[in-house]
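Here is the structure we will look at, set down as structure tokens.
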Amino acid sequence: MTPRATVRLQLTRDFTFDHARERVDYFAALGISHFYLSPIFRARDGSTHGYDTVDFSTVSDVLGGIDGLRRLVAALRGRGMGAILDIVPNHMGVAGKNNAWWNDVLSNGRNSEYARHFDIDWMPEQRSLQGKVLLPYLDRPLADALDAGLLNVVRENGAFKIAHYDSRWPLSGESISESTDANEIAAILERQYYLLDDWRVAPERINWRRFFDISELAAMRIEDDRVFQDVHRAVFALYEEGSIDGVRVDHVDGLSYPIQYCHKLRDELESRRANRPAELRDAPPYIVVEKIFASHEPQRDWGVAGTTGYDFMDQVSALLHNP
């Protein structure tokens with residue numbers, strides 16, 4: 001079904017799918033046709049927005065999981081309504097300890113099956129970073145952190161890790177024990193596929209693409225077909241089963257080839273339309289992008305229904321504010 005009017009709902013642990021379900025009748029009475037849901041896949045622990053996704057395959061348990069989502073969708077369909085999902089193909093949250101793809105890269109370097117998922121320069125000019133990933137998360141230079149005893153070896157879920165306050169990074173290779181002292185930690189760190197350093201060095205030393213300058217969000221190589229499929233597999237499944245009617249693409253200009261991405265996304269969704277519930281097959285997949293089109297960018301080239309309206313909001317703001 002084609003959206004007529006949407007309402008954006010920011011889902012959090014305090015406003016879950018079930019909380020949204022309680023509002024269906026209210027928004028139906030207002031004439032809303034679709035709930036526009038903030039990102040629903042598993043995000044960093046404690047996330048208040050969902051844009052720091054750590055697992056694209058799992059609907060967040062914090063929000064109510066897949067069962068909670070389906071209860072919400074059932075209530076929406078009962079009122080002749082639908083849902084649009086905010087998706088984040090540009091980046092993943094990597095600062096915490098729950099991103100299995102990122103942790104596999106840190107454990108195995110270029111040999112990781114996910115090494116190509118992230119936009120990493122494995123052979124930068126800086127020799128100390130060749131074959132490694134810079135992790136600019138310390139509150140001081142590495143040597144100072146070691147001297148201050150701020151880096152320790154801990155064992156969690158049967159695996160040894162480096163701990164720095166609440167942060168955890170995997171250790172690969174040699175077996176170690178909790179009795180490791182500071183000198184041994186320095187030697188162990190030299191053998192890892194990452195290099196810890198002060199957060200302040202990121203602008204000069206970072207060797208992977210971020211979301212703007214935010215070191216907690218690593219950019220994805222979505223132009224690679226395997227990455228594209230891995231990132232969107234659950235989205236396609238939700239569309240096919242009829243849980244969503246379309247998507248809003250976050251930060252589309254962050255992608256290497258945004259126009260090609262939009263066409264590929266539309267084609268992938270369209271190819272699944274025939275498998276949707278019979279009553280939902282008539283309308284094409286609905287895609288909007290977070291973007292302000294410049295005067296030289298014809299929107300028709302993108303193959304999307306439109307944008308999220310930032311340019312319109314700018315015009316309204318100009319109208320309503322005294323110069």
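Aromatic ring centres of Phe212 and His251: separated by under 6.0 Å.
If you check the side chains of Gln130 and Glu125, you find no donor sitting under 3.5 Å from an acceptor. Looking only at atom types and distance, the side chain of Ser47 has no donor-acceptor partner in the side chain of Arg13 under 3.5 Å away. When only modelled atom types and interatomic distance are considered, Asp18 and Thr16 share no side-chain donor-acceptor pair under 3.5 Å. A donor atom on one side chain and an acceptor atom on the other are not found under 3.5 Å apart for His164 and Ser167. Side-chain polar atoms of Gln192 and Ser172 form a donor-acceptor pair below 3.5 angstrom. In this model, no donor atom of one side chain and acceptor atom of the other lie less than 3.5 Å apart for Asp86 and Ser38. Neither side chain, Asp314 nor Ser317, offers a donor N or O lying under 3.5 Å from an acceptor on the other. Side-chain polar atoms of Gln126 and Ser128 form no donor-acceptor pair below 3.5 angstrom.
The shortest non-hydrogen separation linking Pro170 to Tyr194 is O-OH, 2.6 Å. Looking at every heavy atom in both residues, Asp139 comes nearest to Tyr165 through OD2-OH, 3.3 Å. When all heavy atoms of Val235 and Ile244 are compared, the closest pair comes out as O-CD1, 3.9 Å. Contact between Tyr261 and Ile222 at its shortest, heavy atoms only, is CE1-CG1, 4.1 Å. Summarising the geometry of Trp169 relative to Leu138, their closest heavy-atom pair is CH2-CD2, 4.4 Å, with the distance given to 0.1 Å. In terms of heavy-atom proximity, Ile66 sits nearest to Glu241 at CD1-OE2, 4.5 Å.
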>> Could you go through Ser60 and Arg42, starting from their C-alpha distance and side-chain angles, then the distance that decides it, and tell me whether this counts as side chain to side chain donor-acceptor pair (under 3.5 Å)?
In response: CA-CA 4 Å; Ser60 171; Arg42 187 183 179 197; over 6 Å; no
> Going through the distances and angles, do Arg281 and Glu279 end up as a salt bridge (Lys or Arg N to Asp or Glu O under 4.0 Å)?
Replying inline: CA-CA 6 Å; Arg281 294 174 190 166; Glu279 67 276 13; over 6 Å; no
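Of the inter-residue distances, the one linking Ile188 atom CD1 with Leu171 atom CG reads 6.5 Å to the nearest 0.5 angstrom. In this structure, CG on Asn103 lies 11.0 Å from NZ on Lys97, to the nearest 0.5 angstrom. For the atom pair CD of Glu290 and CD1 of Ile292, the computed distance is 9.0 Å after rounding to the nearest 0.5 Å. Atom CZ in Arg209 sits 11.5 Å away from atom CZ in Phe118 (nearest 0.5 Å). Rounding to the nearest 0.5 Å gives a distance of 4.0 Å between CG of Asn275 and CD of Glu240. Between the CG atom of Asp25 and the CZ atom of Arg23 there is a distance of 12.0 Å, given to the nearest 0.5 Å.
Proximity of Tyr114 to Trp102: side-chain heavy atoms (C-beta onward) are nowhere separated by under 4.5 Å. Side-chain contact between Leu85 and Tyr239 is absent, with no heavy atoms from C-beta onward closer than 4.5 Å. For the pair Phe41/Asp55, no side-chain contact is recorded, criterion being any heavy-atom separation below 4.5 Å from C-beta on. When side chains are defined from C-beta on, Pro3 counts as touching Ile84, because their heavy atoms get closer than 4.5 Å. Side-chain atoms of Asp245 and Arg276, non-hydrogen and from C-beta on, do get closer than 4.5 Å to each other. When side chains are defined from C-beta on, Phe236 counts as touching Gln229, because their heavy atoms get closer than 4.5 Å. Taking the side chain as every heavy atom from C-beta outward, Val133 and Trp122 approach each other to under 4.5 Å. Counting only heavy atoms from C-beta outward, the side chains of Tyr26 and Val7 never approach each other to under 4.5 Å.
In this structure, Arg226 contributes its side chain and Asp230 its backbone to no donor-acceptor pair below 3.5 Å. Side-chain atoms of Arg210 never come within 3.5 Å of backbone atoms of His91 as a donor-acceptor pair (strictly under, hydrogens ignored). A donor-acceptor pair is defined here as one N or O able to donate and one able to accept, closer than 3.5 Å; such a pair exists between the side chain of Glu297 and the backbone of Ala294. Using modelled atom types, one side-chain atom of Asp181 and one backbone atom of Glu184 make a donor-acceptor pair closer than 3.5 Å. Between the side chain of Ser271 and the backbone N or O of Glu268 there is at least one donor-acceptor pair closer than 3.5 Å. Distance alone, capped at 3.5 Å, is enough to place a donor-acceptor pair between the His263 side chain and the Asp301 backbone. Remark: the backbone N or O of Met92 is not paired with any side-chain donor or acceptor of Tyr51 at under 3.5 angstrom. Proximity of a side-chain donor or acceptor of Trp208 to a complementary backbone N or O of Ala219 within less than 3.5 Å is not detected.
A salt bridge does not link Glu190 with Lys132: every distance from a Lys NZ or Arg NE/NH1/NH2 to an Asp or Glu carboxylate oxygen is 4.0 Å or more. Between Arg71 and Asp67 there is no salt bridge, since none of the side-chain N atoms of the basic residue sits less than 4.0 Å from a carboxylate O of the acidic one.
Judged by the 6.0 Å distance and 45° axis criteria, Lys291 is not positioned over the aromatic ring of Tyr310.
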